[in-house]
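This chain uses plain numbering: 1 for the first residue, then up along the sequence.
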Amino acid sequence: MENKSTKVIGYWLSEKKTQKLNWTEFNFVCRKYGFELVKLDLSRDLEEQGPFTVILHKLTDIIALAIQGDPEAQAMISRVENYIKCHPEVAIIDPLESVRKLLDRYCSYSFIHDSGLEKANVFIPSFVELTSNDFEENLKTLRMAGVNFPFVCKPSVAHGSSNAHKLRMIFNEEGVKDCRPPCVAQSFVNHNAVLYKIYLVGDEHFLVERPSLKNFYPSDRGTIFFDSHDVSKADSTSSLSILDPDDRELSTIQPEASKLQQIVRVVRRKLGMSLMGIDVVIENGSGRYGIIDINAYPGYDGYPNFFQSLMNLILEMINQHNCDLISPGDDSGFDTGDSSDEKKKQSAATEDSWFNC
Ligand SMILES: Nc1ncnc2c1ncn2[C@@H]1O[C@H](COP(=O)(O)OP(=O)(O)OP(=O)(O)O)[C@@H](O)[C@H]1O
Ligand SMILES: O=P(O)(O)O[C@H]1[C@H](OP(=O)(O)O)[C@@H](OP(=O)(O)O)[C@@H](O)[C@@H](O)[C@@H]1OP(=O)(O)O
Ligand SMILES: [Mg+2]
């Protein structure tokens with residue numbers, strides 16, 4: 001299929017992300033596999049920067065800005081979308097439509113909630129979106145959705161700014177006044193302060209254990225304001241993670257590999273994405289697996305040989321994409337959310353449809 005001898009990976013990542021991932025190392029892997037790595041300049045037409053074999057990106061911050069109406073960000077995303085539309089031969093990791101779903105917490109929870117995982121003892125803790133500033137109305141909304149105290153209040157926008165990670169623990173009705181809509185309220189699940197992050201790279205995944213919030217119970221205490229990055233990074237040492245003496249006796253349940261595999265398979269199929277992090281807690285007592293967060297292109301801190309896995313994914317995506325181009329009608333019924341689906345959606349998209357839940 002290639003009409004050029006060099007295969008080109010067009011990529012876009014923020015400077016912060018490039019440094020964190022030690023991206024120059026990926027350059028060596030690319031060369032070894034005959035790929036050139038070219039950073040996209042989103043301020044110019046992409047046509048003159050290509051041709052690309054594959055586009056790899058973390059555009060969450062820019063998509064979030066575009067949704068909020070920033071004209072520069074909208075122009076950048078349009079350039080990417082136009083290029084994708086005009087070049088069905090280019091594979092995209094990951095489809096913009098799928099990434100958009102993860103930008104809105106309510107949307108991503110709803111999407112997974114309907115995936116049938118409940119049958120496998122996996123659940124999304126009860127959640128609801130709060131859009132009003134009216135206290136009484138919010139109490140009613142919470143009650144009707146079955147969101148119980150304590151609950152975690154999370155900004156609706158899940159990615160793309162430090163504000164997205166400023167969360168609140170609400171313990172009682174008075175605390176509901178501390179919610180700042182638009183936000184998502186989600187019942188808190190006691191899990192002995194252990195968070196499991198499942199990092200996906202295509203069909204591969206790797207589990208890391210992280211600190212998390214300690215067990216909390218309904219009480220008359222005041223709201224706790226916290227930043228998720230102070231609690232659940234590998235090196236976090238927040239006092240909010242230290243179990244109360246009574247809770248130290250509770251047994252912590254270890255995750256089962258087969259269950260994690262099941263979660264990965266369903267979430268990947270549902271969202272059609274290859275680079276994701278799924279955050280899971282195991283509920284004390286019931287042993288149910290609660291999915292509390294899904295992140296697009298997460299940090300992959302602790303993932304062994306991440307760049308080799310990323311290269312394997314790129315090779316696989318190019319291969320699969322070429323097969324899809326040759327036999328587009330061959331729909332096996334398996335919703336891969338691949339880039340040809342993306343293109344169909346993109347071409348149907350209108351200027352104002354920045355976000356579709
Ligand atoms: N429903 C819940 N039940 C129990 N703990 C929760 C729940 N939701 C969030 N937490 C706690 O709060 C932390 C941050 O929550 P969450 O992952 O939703 O925030 P985030 O800002 O999206 O984080 P990330 O940095 O992973 O994107 C979790 O690591 C966990 O400790
Ligand atoms: O690296 P980035 O800047 O993309 O930050 C991401 C962060 O990675 P880091 O750990 O390297 O900071 C991720 O952490 P892990 O789940 O992997 O622990 C997670 O918090 C994402 O939600 C962040 O993306 P954002 O929401 O801010 O877009
Ligand atoms: Mg998140």
Side-chain angles (χ1 to χ4, degrees), residues 16-17 20 60-61 102-106 108-109 123-127 130 147-172 175-176 178-180 183-199 206-219 221-248 250 252-255 260 263 276-284 288-303:
K16 187 185 95 181
K17 186 89 177 167
K20 243 193 251 171
T60 43
D61 303 26
L102 291 190
L103 286 181
D104 181 281
R105 292 188 199 268
Y106 182 75
S108 51
Y109 290 149
F123 73 118
I124 307 276
S126 49
F127 63 96
L130 300 179
V147 174
N148 303 315
F149 294 109
F151 66 80
V152 192
C153 182
K154 314 182 184 189
S156 291
V157 180
H159 268 296
S161 78
S162 56
N163 279 341
H165 305 292
K166 301 216 177 325
L167 274 46
R168 289 144 205 241
M169 274 294 300
I170 313 276
F171 291 91
N172 45 55
V176 173
D178 292 322
C179 294
R180 289 288 168 271
C183 54
V184 173
Q186 181 176 61
S187 298
F188 186 78
V189 172
N190 279 330
H191 57 280
N192 276 359
V194 182
L195 174 74
Y196 297 103
K197 280 189 176 271
I198 317 174
Y199 286 135
F206 187 78
L207 187 74
V208 301
E209 202 176 305
R210 289 277 180 88
S212 191
L213 291 180
K214 67 177 181 174
N215 302 328
F216 283 111
Y217 304 91
S219 88
R221 68 185 291 176
T223 298
I224 299 176
F225 298 76
F226 68 102
D227 189 312
S228 60
H229 289 182
D230 293 335
V231 171
S232 289
K233 290 294 170 200
D235 56 356
S236 297
T237 52
S238 168
S239 56
L240 296 173
S241 300
I242 301 170
L243 288 175
D244 293 343
D246 286 353
D247 286 344
R248 285 179 207 148
L250 298 171
T252 300
I253 305 158
Q254 291 302 312
L260 300 177
I263 294 174
M276 273 188 288
I278 308 170
D279 295 351
V280 173
V281 294
I282 304 185
E283 187 175 43
N284 288 350
R288 293 192 301 161
Y289 290 61
I291 299 178
I292 56 158
D293 188 29
I294 303 180
N295 296 310
Y297 209 148
Y300 289 103
D301 194 8
Y303 196 105

Listed by chain and number, what are the side chain to side chain donor-acceptor pair (under 3.5 Å) partners of [X], not counting sequence neighbours?
X: Tyr199; value: Arg210
X: Lys166; value: Asp227
X: Tyr303; value: Glu204
X: Ser156; value: Glu129

For Phe225 and Leu167: C-alpha separation, side-chain torsions, deciding distance, then whether side chain to side chain contact (heavy atoms under 4.5 Å, CB included) applies.
CA-CA 6 Å; Phe225 298 76; Leu167 274 46; over 6 Å; no
Arg288 NZ/CZ over Phe123 ring centroid, <6.0 Å and within 45° of normal
yes
Please find the pair of heavy atoms, one from [X] and one from [Y], that lie closest to each other, and give the distance.
X: Pro125; Y: Ser187; result: CB-O, 3.5 Å
X: Val194; Y: Val281; result: O-CG1, 4.1 Å
X: Cys179; Y: Cys153; result: SG-SG, 3.7 Å
X: Ala234; Y: Asp301; result: CB-OD2, 3.8 Å
X: Ile124; Y: Gln186; result: CG2-NE2, 3.8 Å
X: Met276; Y: Tyr300; result: N-OH, 3.3 Å

When you look at Ile292 and Leu195, which way does the side chain to side chain contact (heavy atoms under 4.5 Å, CB included) test go after all the steps?
CA-CA 10 Å; Ile292 56 158; Leu195 174 74; 3.8 Å; yes
Between [X] and [Y], is any pair of side-chain heavy atoms under 4.5 Å apart?
X: Leu103; Y: Val157; answer: no
X: Pro218; Y: Asn172; answer: no
X: Leu130; Y: Val184; answer: no

Could you give the distance from [atom1] ([X]) to [atom2] ([Y]), rounded to the nearest 0.5 Å?
X: Ser212; Y: Asp279; atom1: OG; atom2: CG; result: 8.5 Å
X: Asn284; Y: Asn190; atom1: CG; atom2: CG; result: 5.5 Å
X: Ile291; Y: Tyr109; atom1: CD1; atom2: OH; result: 10.0 Å
X: Ser219; Y: Met169; atom1: OG; atom2: CE; result: 9.0 Å
X: Ser126; Y: Phe188; atom1: OG; atom2: CZ; result: 13.0 Å
X: Ser236; Y: His229; atom1: OG; atom2: NE2; result: 9.0 Å

Quick one: list whatever passes ring pair (Phe, Tyr, Trp, His ring centres under 6.0 Å) with Phe151, sequence neighbours left out.
Phe149
Between Thr223 (side chain only) and Asp178 (backbone N and O only), is there a donor and an acceptor less than 3.5 Å apart?
no
Under 3.5 Å, is there a donor-acceptor pair between the Asn215 and Asn192 side chains?
yes
Between Asp293 and Asn295, do the side chains contain a donor N or O and an acceptor N or O under 3.5 Å apart?
yes
Test log, rule side chain to side chain contact (heavy atoms under 4.5 Å, CB included), inputs Phe226 and Val231:
CA-CA 8 Å; Phe226 68 102; Val231 171; 3.7 Å; yes
Residues Asp247 and Lys214 bridged, charged N to O under 4.0 Å
no
Non-neighbouring partners of Asp235 that pass side chain to side chain contact (heavy atoms under 4.5 Å, CB included), sequence neighbours left out:
Lys233
Using side chain to side chain contact (heavy atoms under 4.5 Å, CB included), reason through Tyr106 and Lys154 one step at a time and then give a plain yes or no.
CA-CA 10 Å; Tyr106 182 75; Lys154 314 182 184 189; over 6 Å; no
